[in-house]
Protein chains: 2
Amino acid sequence: MLETFETVAKAVADPSRLRILKLLEGGELCVCQITTVLDLAAATVSKHLALLKTAGLLQQRREGKWVYYRLADRALTPHAPAFLSLVAAALTGDPTIAADRALLARVNAVPLARICAQGRSALQDDPSPLCCGSAS
Amino acid sequence: MLETFETVAKAVADPSRLRILKLLEGGELCVCQITTVLDLAAATVSKHLALLKTAGLLQQRREGKWVYYRLADRALTPHAPAFLSLVAAALTGDPTIAADRALLARVNAVPLARICAQGRSALQDDPSPLCCGSAS
DNA sequence: ATATCATTTCGTTAAGTAACGAATTGATAG
DNA sequence: CTATCAATTCGTTACTTAACGAAATGATAT
């Protein structure tokens with residue numbers, strides 16, 4: 001029990017994984033979308049996602065060649081829901097998180113196949129204000 | 001901001017530090033009492049306490065040669081209160097935490113000076129049920 | 001079947017961390 | 001002022017972990 005708490009807390013105690021959790025608060029995402037926003041090696045992101053899933057914070061769904069992750073919508077492990085609530089309530093104004101959200105908006109403006117194939121280079125060079133408006 | 005969250009989460013993501021936090025939910029304790037219950041080197045416990053304090057989870061008070069630590073009663077860092085609440089709500093039934101509480105009761109039955117000087121060997125060999133009754 | 005693409009797993013490297021004993025600091029007591 | 005005692009800091013060792021590129025896996029599409 002103490003050990004599962006430790007697992008979940010450790011999962012949340014990493015900036016890349018926190019960014020993933022905050023991204024997924026907007027709904028499920030494909031691995032390549034997350035990889036594009038975080039700008040990390042695919043292997044690294046995959047490992048983070050696996051760790052978050054082990055902690056009970058994420059669920060997985062396969063659709064063809066693509067794998068989608070989303071926040072767990074039920075208690076997969078004892079402490080996961082509490083931590084998800086805490087994370088959801090926190091970091092709302094963090095600049096890194098805000099930047100990630102903004103970048104995700106641009107990623108969402110491009111067909112998924114292109115994001116998976118080309119990553120960041122699939123994004124338009126000029127993020128016009130017409131596209132990707134802020135949430136506020 | 002993301003960084004301070006990480007600091008607090010990391011502080012909580014360690015079994016020894018969790019045990020310390022749960023011990024201190026019963027009120028402030030002297031370092032040597034905590035050391036006796038955890039059965040770790042003084043240096044190790046001191047480092048854990050310093051880390052928890054840096055995270056904003058603990059406050060410190062000096063009284064003569066003894067140093068007392070307690071849970072932070074105000075927001076020393078942005079995310080500390082949320083994590084303290086989460087920890088307080090969790091692990092209530094954990095066997096390690098329960099054992100620690102039981103041992104603390106025996107520690108409290110001995111004068112502080114003896115605990116500081118002798119650690120575990122200051123405890124009675126036979127914890128009679130008359131002393132140290134459980135909280136329930 | 002073969003090729004291709006997204007993801008995961010493997011193996012390695014560099015950085016971080018928990019533990020300890022030894023040495024230091026800070027504070028009382030003689 | 002010296003000794004003593006609690007706590008902290010220092011320096012070391014063993015272990016864990018985040019990151020990457022390369023290789024393996026799983027799933028379409030040709």
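Bear in mind that the values here come from a model prediction, so they are computed numbers and not experimental data. Numbered from 1 within each chain, the chains take letters A, B, ... in sequence-line order.
- Residues A/Leu76 and A/Ala72 approach most closely at CD1-CB, 3.7 Å, considering heavy atoms.
- As rounded to whole Å, 16 Å separates atom P of C/dA27 from atom OH of B/Tyr68.
- At whole-Å resolution of the value, CG in B/Leu18 and P in C/dA18 are 12 Å apart.
- The CD1 atom of B/Ile34 sits 13 Å away from the C1' atom of D/dA6 (whole-angstrom rounding).
- Distance check, rounded to the nearest 0.5 Å: CG of A/Asp39 to OG1 of A/Thr44 gives 11.0 Å.
- Across residues 35-48 of chain B, B/Ala42, B/Ala43, B/Ser46 each have a non-hydrogen atom less than 4.0 Å from an atom of DNA chain D (numbered order).
- Atom pair A/Leu51:CG and C/dT8:P shows a separation of 13 Å (rounding to whole Å applied).
- One can place CD of B/Glu6 at 14 Å from P of D/dT17, the figure rounded to the nearest angstrom.
- B/Gln118 has its CD atom 14 Å from the C1' atom of D/dA6, to the nearest Å.
- Side-chain contact between A/Leu51 and A/Lys10 is absent, with no heavy-atom pair separated by less than 4.5 Å.
- Looking at B/Thr35, its side chain does come within 3.5 Å of a backbone N or O of B/Val31 through a donor-acceptor pair.
- For A/Asp14, the listed nucleotide lying nearest its side chain is D/dA18; candidates were D/dA18, D/dA7, C/dA6.
- Just one residue in the list B/Leu18, B/Leu71, B/Val8, B/Leu57 forms a side-chain contact (heavy atoms from CB on, under 4.5 Å) with B/Leu52, and that residue is B/Leu57.
- For the cysteines B/Cys30 and B/Cys116, the sulfur (SG) atoms lie at a distance of at least 2.5 angstrom from each other.
- When the P atom of D/dA19 is taken as reference, atom CG of A/Leu49 falls 12 Å away, rounded to whole Å.
- Looking at residues 58-67 of chain A, you'll see A/Gln60, A/Lys65, A/Trp66, A/Val67 sit with a heavy atom under 4.0 Å from some atom of DNA chain C.
- Residue B/Arg17 places its side chain closer to C/dA18 than to any other of D/dA6, C/dA18, C/dA6.
- Shown are B/Val45, B/Val107, B/Asp100; of these, the side-chain contact (heavy atoms from CB on, under 4.5 Å) with B/Ile34 is made only by B/Val45.
- Among the protein residues, A/Ala117 comes within range of the sugar-phosphate backbone only, with heavy atoms under 4.0 Å from sugar or phosphate atoms but none that close to a base.
- Applying the 4.0 Å criterion to OP1 and OP2 of C/dA6, one finds that A/Tyr69 has every side-chain N and O outside that range.
- With contacts defined as side-chain heavy-atom distances shorter than 4.5 Å, the pair B/Leu49/B/Val67 does not qualify.
- Put simply, the side chain of B/Gln59 does not reach to within 4.5 Å of the side chain of B/Glu28, judged on heavy atoms.
- Between the CG atom of A/Leu29 and the C1' atom of C/dA6 there is a distance of 16 Å, rounded to whole Å.
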